[in-house]
Undergrad: 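Just passing along the structure, written as C-alpha cells.
Each residue takes its place number in the sequence, starting with 1. Both counts, for ligands and for their atoms, begin at 1 and track the order of listing.
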Amino acid sequence: MNNWKNSLKFAKELDSVDPLRKFRDRFYFPTFLNKKIIYFTGNSLGLQPKSTKDYIQQELDDWAKWGVEGHFHAKKPWMPYHEFLTEKAAKIVGAQPNEVVITHSLTTNLHLLMVSFYQPTKEKFKILCEKKAFPSDQYALQSQVKFHGFDPQEAIIEIGPREGEHTIREEDIIQEIQANGDSLAMIMIGGVNYFTGQVFPMKNITEAGHKVNAKVGFDLAHAAGNIPMELHNWNVDFAAWCGYKYLNSGPGGVSGLFIHERHVQNTELKRFAGWWGHDKSDRFKMPDEFKPMKTAEAWQLSNAPVISMAAHLASLDIFDEIGMHNLRAKSKQLTAYQEFVIQDINNRNSSFNLEIITPSNPEDRGCQLSIVAHGQGKTLFEKLSSEGIVTDWREPNVIRIAPVPLYNSYEDVYLFGEILERSMDD
Ligand SMILES: *Cc1c(COP(=O)(O)O)cnc(C)c1O
C-alpha cells in the first residue's frame, strides 16, 4: 500500500477506522514496567480477557454453593461443561462440532492422537515433519517411533528450507511425500511454523499425504486463533492446538483436538480410553466395557478441568463475537503495516540490515513476523525490553513479534518501529 506513512499520526488514523479497536479494552495489559507496554508475545501467552475473572468466579461460586451437585446444578453444569466450548472452538478451526473436543493439554493430545493415527508396519513406518519443529513435538515424535520399536534416525524425515532460504517450499514438501510414499505412515507438521511464522499449505499437504496412503495431522499451536482454517473440508485426519497462545486461555490452559468425522465414527479405531470417552448414556452405570462415543469426545480420558475451561470459554466467546474472518482481515493489514514500518526504517538507515524471514505473501503467514537483526546482538533485545516492548528473542539475533489483531493497535506497530530504530547499533 504505497500511500502508507510511517508516522504516529497515520497509525492513529488507522486505529480510528479499525472496526475491532474496542476489543483492546477488553484485555489486561501487563503493568510490570512503569511505562506503556507493547505486548507482542500473544503467540506465546495471550493476554487475559477482563471477563475471565467472572467466568472463573461463576464456577467457584457454584462449587461453594453446590459441592458435588454442581455437576448437575451449576449454572453451566460441569457434567457436560466441555460441550459449552465445542461449537465455538470448531468454528475457529473450520470443523464440525462432532469432530472437536476441548480436553487435556497439547502434547498429551498429540500423543493420544498418534496412538490412533500412527500405526506403523515394517514397510510403512516413517513420519514426515518439519525441520526445527517445536521441541515438544520432536520429543513426542521420537518417543512414538521408539515406542513402536523403530529408530528415530531412520523413521523421522525432516523437511527443511533450501540452502540460503528460511521457509520451506511447498513443492519440496510434496516432492518429499511422493518420494517416500511407500514407507510413509504419517505426516505431522505445524499449521504455522513457530519460528518463521510460515503457514503451511495444509490442504495440499493433506491431499498429497492421502495419495500415498499416509495419515495427515497438524499441530495448530501457532495457527488456532491466528488464521482461519477448514480442517473438515481439507480432509485433515487429525489436529491439536493449545488454548493459551492466540486463544488467551491462561498459562497451561486446556487444548483442543480435531478428528475428522470419517474417523470418529469408526469405533474400531485404536485409542487409549478413559471414562469420559465412554458413551454418555450409560457412563454412570459404570459398565466394565468401554463403548466409545462416536464423536471426538471419545478421546477424552478424564472429567473436564472446569476452572481452566471457564477461562477458555471467556476467550472463545470473544472470538465468537468477532468471527475469524473479521479478525483475519485486520490481522493481514496490521502485519502488513508492521512490515512496511520495519522496511521503512531499514531503508532510511544505511547501516541497518533487518531481514524479515517470514513470507511476504499475506496468505503464507499469520500475524507473526520473525526478524533477523544482522550485526546486532542481545543488547538490542535488552534495549527493546527496557523500553517496554515485550517480544521473543532467539539466539543469535532473531526477534519474533506478534501484532495480535484482537488487542494490538496500529499505534503499537508504529511505536515498535520507532523504538527499534533508536535501539539499533550503527
Ligand atoms: C507451544 C507449543 C507447544 C507446547 O506444548 P504444551 O503441551 O502446551 O506444553 C507444542 N508444540 C508447538 C508447535 C507449540 O507451539
Undergrad: Could you check Arg21 against Glu411 for salt bridge (Lys or Arg N to Asp or Glu O under 4.0 Å), going step by step and ending with a plain yes or no?
TA: CA-CA 11 Å; Arg21 72 184 178 283; Glu411 184 174 339; over 6 Å; no
Undergrad: Distance only, no hydrogens: is a donor on one side chain within 3.5 Å (strictly under) of an acceptor on the other, for Tyr410 and Gln333?
TA: yes
Undergrad: Which atom pairs, donor and acceptor, lie under 3.5 Å between side-chain atoms of residues 203-218 and protein residues at least two apart or in another chain?
TA:
from	atom 1	to	atom 2	distance (Å)
Asn204	ND2	Glu170	OE2	2.7
Thr206	OG1	Met202	O	2.6
His210	NE2	Asp237	OD2	2.7

Undergrad: Taking atom CD as the centre, does Gln153 end up with more than 12 heavy-atom neighbours from other residues, nucleotides or ligands that are less than 6.0 angstrom away?
TA: no
Undergrad: Under 3.5 Å, N/O to N/O: give me all the pairs between ligand 1 and the protein, one per line with atom names and distance.
TA:
from	atom 1	to	atom 2	distance (Å)
ligand 1	5 (O)	Thr107	OG1	3.3
ligand 1	7 (O)	Thr107	N	2.9
ligand 1	7 (O)	Thr107	OG1	2.6
ligand 1	8 (O)	Tyr244	OH	2.5
ligand 1	11 (N)	Asp137	OD1	2.6
ligand 1	11 (N)	Asp219	OD2	3.1
ligand 1	15 (O)	His222	NE2	3.2
ligand 1	15 (O)	Lys245	NZ	2.5

Undergrad: Is there a donor-acceptor contact under 3.5 Å from the side chain of Asn397 to the main chain of Ala373?
TA: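 Such a contact is found between Asn397 side chain and Ala373 backbone.
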Undergrad: Under 3.5 Å, is there a donor-acceptor pair linking the side chains of Ser255 and Ser105?
TA: no
